[in-house]
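Here is the structure we will look at, set down as structure tokens.
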Amino acid sequence: MKLAVIGAGAVGRSVVELAGEYGHEVVAAADSSTAVVADGTDGRASGVDPDAVVARKAERGIVGDAEPADALAADYDVLVEATPTTLGDAEPGFSHVTTALERDRHAVLANKGPVAERFGDLRAAVDDSEGDIRFEATVGGAIPAVSTVEDIEPGHVTAVRGVLNGTANFILTRMAAEGLDYDHVLAEAQDLGVAEADPSFDVDGTDAALKCVILANVLSFGAADDPADAREFSLADADVEGIRDVPGSALRLAAEDGRTVRLIGEATGETVRVAPRLVPENGTLAVSGTQNIVQIETSHAGRLNISGRGAGGPETASAVLGDVGRLE
């Protein structure tokens, strides 16, 4: 498959680097202001040089000398949307995806915004296109949460819950293990690069909530006989509480009772909730560090647990490229 990769952060760069290992060819790549598009040979794109793209971005801060619009207009089979998540109108990611669909191309998203904030609009665009969309990478990085729900069939899944943000989980794990307070551990996480300089997206529960909103849309639309009857979720529909106000004393008291605290997100076809919750200290949901876990409640197969790395360039790129393979 020929790929156009929009977004040159850790995920986009990793897709460019790893695509060849999965049997795919990158024919265009773009960041917010520049692009590189493969030269045509006998009317066929021959692929860009992945090493040159990554090196140019690292050394010069650009991926090429063309315009981003040139990458969107390139001769690709699948558009990979890996720009930063934006809320509300989910632009420019939403327009990138619909541009691909209007050209009857497929799109694979690592960007949570369009799937969480404009799911119904995306589905309508797919209905009018020969192309399709996939978005495994928007939930849990390398963890195959979306595809597992789809394989079981959403109508047979009653709930999906889990630990879906590595930064928040790292902080809570360190607070519990060392008896430290939130501010101390946050500073440590920032020094280690686990937390951003502005950690709000992670510690306030927004990131986990977006992932749960996506899962709720998968459940709602997947279970509906008619998409018009499905409930569409956005971040505004989520009940969200972060970890800023979790005191170290709460974790110490929980430990005395054989429990700990984790930021747990839960999605059904009717509700989305994210909040710190008490869980058994040695239980399935008490994953440590930056690990994530997804727990799927099913009607006939009981409870399924999938854990792994929920973020990271190569990890998330593996989910993107797995989705590309599903579109072949």
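Remember, predicted model here, so these are calculated numbers, not experimental data.
Separation of atoms CD1 (I143) and CG (L164) is listed at 7.0 Å; rounding is to 0.5 Å. The distance from atom CZ of R134 to atom NE2 of H106, rounded to the nearest 0.5 Å, is 11.0 Å. Separation of atoms CD1 (I62) and CZ (R60) is listed at 3.5 Å; rounding is to 0.5 Å. Rounding to the nearest 0.5 Å places CG of N169 at 10.0 Å from CG of L285. Separating the CG atom in L186 from the CG atom in D191 is a distance of 9.5 Å, to the nearest 0.5 Å. Between the CG atom of D77 and the CG atom of D104 there is a distance of 12.5 Å, given to the nearest 0.5 Å.
Using a 4.5 Å heavy-atom threshold, the side chains of L210 and F201 count as touching. Under the 4.5 Å side-chain criterion, counting only non-hydrogen atoms from C-beta, L122 is not in contact with F135. For the pair V115/N217, no side-chain contact is recorded, criterion being any heavy-atom separation below 4.5 Å from C-beta on. Residues T148 and I152 have side chains in contact (heavy-atom distance under 4.5 Å, counting atoms from C-beta outward). Within the 4.5 Å cutoff, the side chain of L235 has heavy atoms near those of the T206 side chain. Between V240 and D204, every side-chain heavy-atom pair lies at or beyond the 4.5 Å cut-off. At a threshold of 4.5 Å between non-hydrogen side-chain atoms, the residues D207 and K211 count as touching. Counting only heavy atoms from C-beta outward, the side chains of L219 and V149 approach each other to under 4.5 Å.
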Take E81 and L109 through the side-chain contact (heavy atoms from CB on, under 4.5 Å) test and state the conclusion after the steps. CA-CA 5 Å; E81 218 307 320; L109 294 96; 4.2 Å; yes
Evaluate the side-chain contact (heavy atoms from CB on, under 4.5 Å) criterion for residues R303 and R161: first the C-alpha distance (whole Å), next the side-chain angles of each, then the deciding distance (0.1 Å), finally the verdict. CA-CA 11 Å; R303 177 181 293 169; R161 74 177 62 85; 4.1 Å; yes
Run the side-chain contact (heavy atoms from CB on, under 4.5 Å) check on V261 and L278 step by step: do they pass? CA-CA 5 Å; V261 177; L278 287 168; 3.9 Å; yes
Report the C-alpha separation of D237 and V213 in whole Å, then their side-chain angles, then the decisive distance to 0.1 Å, and conclude whether the side-chain contact (heavy atoms from CB on, under 4.5 Å) test is met. CA-CA 8 Å; D237 299 305; V213 164; 6.0 Å; no
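Although no hydrogens or angles enter the test, the distance criterion places no donor-acceptor pair under 3.5 Å between the side chain of E117 and the main chain of D89. Looking at R252, its side chain does come within 3.5 Å of a backbone N or O of G179 through a donor-acceptor pair.
Counting non-hydrogen atoms of other residues, nucleotides and ligands closer than 6.0 Å to CD of E196 gives a total of 12 or fewer. The number of heavy atoms from other shown groups lying within 6.0 Å of CZ (R103) is above 12. By the neighbour-count criterion of 12 heavy atoms within 6.0 Å, atom CG of D257 is densely surrounded, having more than that number from other residues, nucleotides or ligands. Taking a 6.0 Å sphere around CD of E130, one finds it holds 12 or fewer heavy atoms contributed by other residues, nucleotides or ligands. Few gaps surround CD on E91; more than 12 heavy atoms of other groups in view lie less than 6.0 Å from it.
Of all heavy-atom pairs between A137 and T316, the closest is CB-CG2, 3.6 Å. A pairwise comparison of heavy atoms in V139 and A145 identifies CG1-CB, 4.1 Å as the closest pair. The minimum heavy-atom distance between A38 and G47, with the atom names listed, is CB-N, 3.4 Å. Nearest heavy atoms, L263 versus E241: CD1-O, 3.5 Å. Across F221 and G120, no two heavy atoms sit closer than the pair CZ-CA, 4.3 Å. The heavy-atom pair separating A74 from A28 by the smallest distance is CB-CB, 3.8 Å.
Put simply, L304 and L215 are part of the same group of oily side chains (I, L, V, M, F, W, Y) that touch within less than 4.5 Å, one to the next. Cluster membership for V320 and V16, using ILVMFWY side-chain heavy atoms within less than 4.5 angstrom, is shared. A chain of hydrophobic side-chain contacts below 4.5 Å, direct or via other Ile, Leu, Val, Met, Phe, Trp or Tyr residues, connects I214 to F119.
Checking V203, V185, T260, I243 one by one against L172, the side-chain contact (heavy atoms from CB on, under 4.5 Å) holds for a single residue, I243.
Ion pairing between D183 and R244 fails under the 4.0 Å rule for side-chain N and carboxylate O. Between D127 and R123 there is no salt bridge, since no side-chain nitrogen of the basic residue lies less than 4.0 Å from a carboxylate oxygen of the acidic one. Ion pair E266/R277 not flagged as a salt bridge, since none of the NZ, NE, NH1 or NH2 atoms sits closer than 4.0 Å to an Asp/Glu carboxylate oxygen.
For the residue pair D31 / T34, a side-chain donor-acceptor distance below 3.5 Å is found, with atom types taken as modelled. Judged by distance alone, the side chains of E136 and S147 do bring a donor and an acceptor atom under 3.5 Å apart.
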